[in-house]
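Chain naming here is simple, since letters A, B, ... match the order of the sequence lines and numbering starts at 1 in each. Any value given below was found using the heavy atoms of this structure, including those in side chains, with hydrogens, waters and symmetry copies removed.
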2 protein chains.
Amino acid sequence: MRFLIKFSYDGTNYNGFQYQKGLPSIQESLELALKKVNNNIKTNVVATGRTDKGVHALCQYAHVDININITEQKLKRALNSNLPKDIHVIETKIVVENFHARYNVKSKEYKYYINVGEYNPLERNYVFQYNHELNVDNMKEAIKYFVGTHDFRAFVTENKEKENCVRTIFSAGIEEKDEKIIITFHGDGFLRYQVRNMVGILIRVGENKISTTSVEKILLSKDRRKSGKTAPPQGLYLTNVTY
Amino acid sequence: MRFLIKFSYDGTNYNGFQYQKGLPSIQESLELALKKVNNNIKTNVVATGRTDKGVHALCQYAHVDININITEQKLKRALNSNLPKDIHVIETKIVVENFHARYNVKSKEYKYYINVGEYNPLERNYVFQYNHELNVDNMKEAIKYFVGTHDFRAFVTENKEKENCVRTIFSAGIEEKDEKIIITFHGDGFLRYQVRNMVGILIRVGENKISTTSVEKILLSKDRRKSGKTAPPQGLYLTNVTY
């Protein structure tokens, strides 16, 4: 039986979602818990996609095939009692056998948190602490250039000469709440480091180091060398996925 | 020169505020940082009071005597660059030589966070996760009995036959925000475990296991055996201190 699992995790103590030999990963922890529940059979987890080291997820999905007869509610409970405390299954749902957690994704939402207020030690792994002023009005102007269908090659860290880097961002926005700047991207999919690189360039705009219109120029240049620093992982959250 | 230091910390990885040989403490970390700043001289930290293992502080104070010539702003920076990331100096202020961080305290505020929504792995060390329903209206009724000047002996975990357990709670309240219940106590001082024991009994009221009026009876009984479980430390925050 195929189940779709909705889960959340604190990425702080993991080397990312994907299994890597000898390093802690969300995938490995999930597969170990699933194996215990699924009659000791190695059970593959197919997620919507990866998240990198230190990145969090409040809403992530994966499909798994389970051989035993178990209800949705009981599978949730069984998994949570076998998972470490920094990974949590929110919901499980029986789906059709050809449902695919990655191929069937319609959209994903990411949020990036920047704290411009006093450093809070309780949030050290959950926000990007930024101790200088940011021109948020300019950042709000600049983020508009990302909306639409573009070749995002300039915002991909790895050299992906042959890869298709065309993606669509349905909406993007910036809100200020307390002393945090929250940047949201909603799109059909994101390339590796794309969100953190887009945030990196928005920070340069906020620092008044580049103009708002240079964001469009960098996007059109398709040249990674033109864009700024990759924003650190702890501010990034996968916040929603739709099917 | 005497400085009053305002600081915050994540209590998760500490055995409490107070120095204990061979165990990590906030005090030890602060004194190590101070020693580095203060010409390698062992420097005593006198805080408003202790917090227990796993308890957090968003606003805690301590006074220290520093021999070197340093400005308030520079002392803040020097300390933060020598402190671990889970302790943070918010402000430092030069005070008169007889100012005492403990004796001069006028009031303290503690907040206790209970999450009654879905478990969030990112908050596992920062709220008490409670997976059943709580009757918050009854809890709001019951908390009123704590306000005023009382002998809080029934809410102190340790056997303190001879200690003066009379304290004054100026105000106490409960608010609901998103799926969290936030309990606030503001008083002239609190005994060890007092807040967590008061929260423990409020939870029993919320579970409809005891009536709201039994809180008054337990308080008047001065008998610790009559009150409930001590609420876990990770939900507790020292949020304000006034002088």
So for A:Leu83, is it side chain, backbone, both, or neither that comes closer than 4.5 Å to the heavy atoms of chain B?
neither

Where on A:Leu122 is there a heavy atom nearer than 4.5 Å to chain B: the side chain, the backbone, both, or neither?
both

If a pair satisfies salt bridge (Lys or Arg N to Asp or Glu O under 4.0 Å) and one of its residues is in residues 231-243 of chain A, list it, with sequence neighbours excluded.
none

Pick one of side chain, backbone, both or neither for B:Ile90, based on which atoms fall under 4.5 Å of a heavy atom in chain A.
both

Donor-acceptor pairs under 3.5 Å, chain B versus chain A:
| from | atom 1 | to | atom 2 | distance (Å) |
| --- | --- | --- | --- | --- |
| B:Asp10 | OD2 | A:Arg124 | NH1 | 2.7 |
| B:Lys76 | NZ | A:Glu118 | OE1 | 3.4 |
| B:Lys76 | NZ | A:Glu118 | OE2 | 2.9 |
| B:Lys85 | O | A:Tyr119 | OH | 2.4 |
| B:His88 | NE2 | A:Glu118 | OE2 | 2.6 |
| B:Glu118 | OE1 | A:Lys76 | NZ | 3.4 |
| B:Glu118 | OE2 | A:Lys76 | NZ | 2.9 |
| B:Glu118 | OE2 | A:His88 | NE2 | 2.6 |
| B:Tyr119 | OH | A:Lys85 | O | 2.4 |
| B:Arg124 | NH1 | A:Asp10 | OD2 | 2.7 |

